[in-house]
Amino acid sequence: MSDVLLRLERLEVVYHRVITAVQGVSLEVPRSGIVALLGTNGAGKTTTLRAISGFIGLDDARVTEGAIVYGGSRIENRAPHRITAHGIALVPERSKVFENLSVAENLEAVVPRPGADRRRLAESIYELFPALARLRAREAGYLSGGERQMLAIGSALACAPDLLLVDELSQGLAPVIVEELVGRLRRVRAELGTTILLVEQNAHVALDVADYGYVMENGRVVLDGTPERLRAHADIQEFYLGAGGGERRRSYREVKQYRRSRRWYG
Ligand code: ATP
């Protein structure tokens, strides 16, 4: 049996006491694994990551059912700084860096977990991202999208996490930059042993880097499997991997309904 670092058990998350964004989500992230959470807009991926990292509290949301079990302890509804101290760091979808601070100051602004060697951490971050070393003195507001994403990942790694949560690695970036970032994430796992849970709308990217994937729709997990299994799945090919002959991207539910109607009437 694999060593599970993070387990979500029938998780439910509600915004403003009325809007249920995540319903009955269960998933597992093995230690030193890379797991992807896929899904279209509004599926509940960001909410799931923010629930794990504790940031949903800032969005007036709460875990109302189920459990988040990390390293054997329940952590749902804890404050973000307590969760960071446990070894979980989030690379958020937006507001990734302090724009008025330099690259070096951004990294120095992070408070690492107790006992972490700040100097060695900084060295390994600059080794993993040589571009950040070259741009040390540059104000973060002047960085390109790819450099900003590197700094955001670097800042999260400066917390010395065991689990890195990455929200939309590829968003708004050119394919060549995304490929480079994917390579860096692989090195983060290989060299630092960090476990990674990655949220992605881009299925090609997610299935390229992950060992295992979960697909979310309307707040629920509708499918999961290895990249090979997910790539081979007709519905994933049709509505995520663009094998549907250029039709607009449909939801998993729509594809299911379409298939059923073809069976009945066709
Ligand atoms: P995207 O890729 O577009 O960010 P997502 O899969 O990450 O999509 P979420 O952002 O988690 O999806 O949104 C899930 C649901 O929760 C959506 O219906 C969304 O409208 C709702 N939601 C998200 N944030 C809030 C908020 N602050 N208040 C109320 N509802 C919210």
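Atoms within a ligand are numbered from 1 in the order they appear, just like the ligands themselves. Just so it is clear, the structure is predicted and the values come from calculations on it, not from any experiment.
For Asn77, there are no side-chain hydrogen bond (donor to acceptor under 3.5 Å, both in side chains) partners, not counting sequence neighbours.
For ligand 1, residues of the protein lying within 4.0 angstrom by heavy-atom distance are Tyr15, His16, Ile19, Ala21, Thr40, Asn41, Gly42, Ala43, Gly44, Lys45, Thr46, Thr47, Glu93, Glu168, Gln201.
For the 3.5 Å distance criterion, the side chains of Glu139 and Ser102 fail to qualify, holding no donor opposite an acceptor. A donor and an acceptor atom, one from each side chain of Asn106 and Ser155, are nowhere located under 3.5 Å apart. Side-chain polar atoms of Thr20 and Tyr15 form no donor-acceptor pair below 3.5 angstrom.
Note on residues 112-129: pairs passing side chain to side chain donor-acceptor pair (under 3.5 Å), not counting sequence neighbours, are Arg113-Asp162. Residues in residues 36-55 take part in these salt bridge (charged side-chain N to carboxylate O under 4.0 Å, His left out) pairs, two or more places apart or across chains: Arg50-Asp59.
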